[in-house]
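Small disclaimer: the values here were computed from a predicted structure and weren't measured.
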Amino acid sequence: MNRKFDVLVIGGGNAALCAAISARRAGASVLVLEGAPKFYRGGNTRHTRNMRCAHDAATEILTGPYTEEEFWDDLLRLTGGQTDEELAKFMIKESKDILNWIVEQGVRWQPSLGGTLSLGRTNSFFLGGGRAMLNALYLTAEKLGVEIAYDAEVIDLEIEDGMFLSAKLKQPIDGASEIRASALVAAAGGFEANIEWLKEYWGEAADNFLIRGTPYNRGSILKMLLAKGVQDIGDPTQCHAVAIDARAPKFDGGIITRHDSVVFGIVVNKHAERFYDEGEDIWPKRYAIWGRLVAAQPDQIAYIIFDSTVVTSFMPTLFPPIAGASIAELAGKLELDPAALEKTITEFNAAVQPGTFDHTILDDCRTAGISPPKTHWARKIETPPYLAYPVRPGITFTYLGTRVNKQSRMVMKDGKPSANMFAAGEIMAGNVLGKGYAAGIGMTIGSVFGRVAGREAAKNARN
């Protein structure tokens, strides 16, 4: 560990592993420093299921084409234009090749999934989920000769005039407390698990946030880089945040705490009032707005309410729904005002218009005469038992990050590219995601920019 490596990768998830493999395949000596213990390696990748990539035709695992143009249109709509167009289009173009490249690294896909996800055409699903994908990447990296250290927390970075020199470790590894390398790839995630940092932007409300992913993404590497001259990008209050079960653990609840039932019912706050259109768009494109919406509600709590006719319409979650034989009984169990909830549901039911329900398209089942409207998939809530899920904001990752160029090279505050520092994954996701989220795009960012960062870091080290 006392020798100088060509490429040092800080992080241990999808982006870090893609960078390490890419750099090693380009001939570089590579060390990966994963701050978590081995069992918890991989950051948020452990909880993922799929990746969104452009492709021109149906395949064995995808039901149809998803063109670069359609991907770009989706990204433009979900971010409201808050994206670096050049970088985003570069990522989308590169994503076409990632579908095959990632298989070459040992990752396996499974046939497309149907049901309420509506992702069979756009997203490829990992056989065995994110942990299986991660294990495959680690196995490939190790076979190639990438060195990996766990419990390897970095407490300082030596950077001079935009050039990385060394990383200081909290605890020595094989007698070394400092790691030197010719190039650095930072792939250590965002700061979502750092509640105190979140409170700088969200105030006391952040105490009520749940963290869907790893407790190890505390943003220490991001904070060091920004303090040492790297240019930041992204709104610190923007993040991938979804509505997750309020009964979930504070950290690491993962995918099984997420609720896909919003479009099949209504969502009310602690005053039993609706506050947003539950039928705005197809779920995989709009599910990630609900974390921020709930975060803006009193006490950061909300309730998804539906009836017994739709219980088999969405993916079940870890926690069972709370049930009541009447609206009043349900309200009592949720500690809501029964009269207020009955009024909200009565008004909603009266506003529902006739239509043909189809959850796979923007159907014509809507409301009229109430605010907020429900523009699609609106059906009366009238068949007992009545059911509800309590939900809180569940943050997956934050969007404040390091600015990069198309080489994944970090850009310094003076506008000049760093001499030898690169970034990939959630730590630079804000370049592409100014706001909003679509299913599988975090893995796209990690794989594409990880591969690029590793390749460019290796090239940089050789020079």
Would you say Thr367's side chain and Pro373's backbone share a donor-acceptor pair under 3.5 angstrom? no

Verify, without hydrogens or angle tests, whether Arg52 (side chain) and Thr122 (backbone) share a donor-acceptor contact under 3.5 angstrom. no

Could you give the distance from CZ (Phe319) to CD1 (Ile256), rounded to the nearest 0.5 Å? 7.5 Å

Phe90 side chain reached by Val452 side chain, heavy atoms, under 4.5 Å: yes

Is the backbone N or O of Val267 less than 3.5 Å from a side-chain atom of Glu278, with the two atoms forming a donor-acceptor pair by type? yes

What I want to check is whether the side chains of Glu382 and Asn349 have a donor and an acceptor closer together than 3.5 Å. no

Does a salt bridge link Lys96 with Asp56, judged by any charged N lying under 4.0 Å from a carboxylate O? yes

Could you tell me whether a side-chain N or O of Lys374 sits under 3.5 Å from a main-chain N or O of Val263, the two making a donor and an acceptor? yes

Separation of Ile92 CD1 from Ile98 CD1 (nearest 0.5 Å): 13.5 Å

Cationic N near anionic O, under 4.0 Å, Glu70 to Arg121: yes

Hey, does the side chain of Tyr399 reach the backbone of Gly436 with a donor-acceptor pair shorter than 3.5 angstrom? yes

Hey, could you give me the CG/OH distance between Asp260 and Tyr389, rounded to the nearest 0.5 Å? 10.0 Å

Is any side-chain heavy atom of Leu400 closer than 4.5 Å to a side-chain heavy atom of Thr237? no

Mind checking whether Tyr287 and His240 have parallel, tilted or perpendicular rings, split at 30° and 60°? perpendicular

Under 4.0 Å between a Lys/Arg side-chain N and an Asp/Glu carboxylate O for Asp364 and Arg366? no

Is the gap between the ring centers of Phe126 and Trp109 under 6.0 Å? yes

Taking the side chain as C-beta and beyond, is there a heavy-atom pair between Thr317 and Arg258 under 4.5 Å? no

d(Ile445 CD1, Ile427 CD1) to nearest 0.5 Å is 13.5 Å

Identify the heavy atoms of Val7 and Ala23 that sit nearest to each other, and give their distance. CG2-CB, 4.2 Å

Closest heavy-atom contact between Ile221 and Ala186? CG2-CB, 4.3 Å

Looking only at heavy atoms, the pair that brings Val448 and Glu94 closest together is CG1-CB, 3.6 Å

Whether the side chain of Arg218 engages the backbone of Pro215 through a donor-acceptor N/O pair (distance < 3.5 Å, no angle test) should be reported. yes

N-O pairing of Arg409 and Glu456 below 4.0 Å: no

Within the side chain of Thr444, is there an N or O that forms a donor-acceptor pair under 3.5 Å with the backbone of Met51? no

How about Val230 and Ile159: do any of their side-chain heavy atoms sit closer than 4.5 Å? no

Would you mind telling me which of Phe314, Phe348, Trp377, Phe264 makes a ring-ring contact (aromatic ring centres under 6.0 Å, His included) with Phe306? Phe314

What's the spacing between Arg25 CZ and Gln105 CD if we round to 0.5 Å? 4.5 Å

Tell me the salt bridge (charged side-chain N to carboxylate O under 4.0 Å, His left out) pairs involving residues 227-252, sequence neighbours left out? Arg46-Asp252, Asp156-Lys228, Asp245-Arg247

If you count heavy atoms of other groups shown closer than 6.0 angstrom to CD of Glu104, is the number above 12? yes

Could you tell me which non-hydrogen atom of Ile195 sits nearest to which non-hydrogen atom of Ala206, and how far apart they are? CG2-O, 4.0 Å

Within 6.0 Å of OH in Tyr40, more than 12 heavy atoms from elsewhere: no

Using every non-hydrogen atom in the two residues, find where Thr83 and Ala88 come nearest and quote the distance to one decimal. OG1-CB, 3.6 Å

Tell me whether Glu86 at atom CD has more than 12 heavy atoms from other residues, nucleotides or ligands lying less than 6.0 Å away. no

Does Leu198 form a side chain to side chain contact (heavy atoms under 4.5 Å, CB included) with Thr398? I'd like the steps, not just the answer. CA-CA 9 Å; Leu198 289 174; Thr398 46; 4.1 Å; yes

